[in-house]
Engineer: 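Handing you this structure, nothing more for now.
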Amino acid sequence: MGKAESFRALHAGEPFVLPNPWDAGSAKVLAKLGFKALASTSSGFAFTLGRRDGDVSLDEVIAHTAELDGATGLPVSVDLENGYGPRPQDAALAIVRAAEAGAVGGSIEDYDPADGLYPLEHAAERIAAADEAARRLDVPFMLTARAENHIRGNPDLGDTIARLQAYERAGADVLYAPGLATVEEIRTVCEAVSKPVNVLARPNLTLSDIAGAGARRISVGGALTWVAVGALVSAAGAMLERGDFSALADGVDAEDWL
């Protein structure tokens, strides 16, 4: 079974965790730990370039996608933000280019940093164009549609559901609303749609909590990146402030993971 078929099959099985590496090395670590698929993180990747989330070009993301795909034998889904342009054809092009780089899945958001949330009809048109492009590919590409309203100043669950339902009708394979904070919110969204729902993990919720509410897939976004950066800050801060190098004993041998 190829990567694309394996990735699609995961969504038909038990709920699974889709972790988000920020570079090829972290991808190798996650693969060796036993995860079955990977997804990129736009914020984590931007950090590796010393930039903020959203300040990366499509060309750079596609090169990063190829690096992640080549790092392991696992399927890769790529965070394509808003498709790097407001037009439906921009979203479609992003899907095609991601697939050419080796991705077997990808997400499209309904938020533009300059203009805010797209009106629902326009947002659905963009997902429909992305779906049409995905269906023309030679592999069964998994299109994820993201409703960003919950984290973009409009935490209205009714709007979230209306958007996800529209994206389901437009052809999305997976539905995703970052910002769902409780089991009740997750359950309400999952019961309102028929396609698999991806949920962004939260420290106060377990896999059992999220899966029990109906989610099929759990991702972590940039969180693992910030966990790694937090360890760096803690260890380096101790060196600078106290001359304390003891945290270096907590490191791992790269050869064990590469």
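Every value quoted in this text rests on a predicted model; they were computed, and no experiment measured them.
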Engineer: Pairs of donor and acceptor atoms involving the side chains of residues 117-126, under 3.5 Å and at least two apart or interchain, shall be tabulated with distances.
Structural biologist:
{"unit_1": "Tyr118", "atom_1": "OH", "unit_2": "Asn82", "atom_2": "ND2", "d": "3.0"}
{"unit_1": "Tyr118", "atom_1": "OH", "unit_2": "Asp112", "atom_2": "OD2", "d": "3.2"}
{"unit_1": "His122", "atom_1": "NE2", "unit_2": "Pro86", "atom_2": "O", "d": "2.8"}
{"unit_1": "Arg126", "atom_1": "NE", "unit_2": "Pro86", "atom_2": "O", "d": "3.0"}
{"unit_1": "Arg126", "atom_1": "NH1", "unit_2": "Glu109", "atom_2": "O", "d": "3.0"}
{"unit_1": "Arg126", "atom_1": "NH2", "unit_2": "Asn82", "atom_2": "O", "d": "2.1"}
{"unit_1": "Arg126", "atom_1": "NH2", "unit_2": "Gly85", "atom_2": "O", "d": "2.8"}

Engineer: Under a 4.0 Å threshold between the charged nitrogen and the carboxylate oxygen, would Arg146 count as salt-bridged to Glu81?
Structural biologist: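 No.
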Engineer: Hey, are Lys195 and Asp173 close enough for a salt bridge, meaning a charged N less than 4.0 Å from a carboxylate O?
Structural biologist: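 Salt bridge: no.
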Engineer: For the residue pair Glu185 and Thr188, confirm or rule out a side-chain donor-acceptor distance under 3.5 Å.
Structural biologist: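 No donor-acceptor contact under 3.5 Å links the two side chains.
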Engineer: Is Ile151 reachable from Ile210 through a run of I, L, V, M, F, W or Y residues, each pair having side-chain heavy atoms under 4.5 Å apart?
Structural biologist: no
Engineer: Salt-bridged, Asp59 to Arg97, with N to O below 4.0 Å?
Structural biologist: yes
Engineer: Would you say Val197 and Tyr176 make side-chain contact, with heavy atoms under 4.5 Å?
Structural biologist: no
Engineer: Going by side-chain contact (heavy atoms from CB on, under 4.5 Å), name the residues that satisfy it together with Ala37, two or more places apart in sequence or in a different chain.
Structural biologist: Phe7, Leu10, Leu18, Pro75
Engineer: I'd like to check Val189 versus Ile161 (side-chain heavy atoms, cut-off strictly below 4.5 Å). Are they in contact?
Structural biologist: yes
Engineer: Under 4.5 Å between side-chain heavy atoms, hopping through other hydrophobics if needed: is there a path connecting Leu137 to Val174?
Structural biologist: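 No, it is not one cluster - the side chains of Leu137 and Val174 are not joined through contacts under 4.5 Å.
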Engineer: Under a 4.0 Å N-O cut-off, is there an ion pair linking Asp55 with Arg52?
Structural biologist: no
Engineer: Near Asp138 CG, under 6.0 Å, is it more than 12 heavy atoms from other residues, nucleotides or ligands?
Structural biologist: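 No.
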Engineer: Do Ser40 and Asp79 have side-chain N/O donor and acceptor atoms under 3.5 Å apart?
Structural biologist: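 Not at all, the side chains of Ser40 and Asp79 share no donor-acceptor pair under 3.5 Å.
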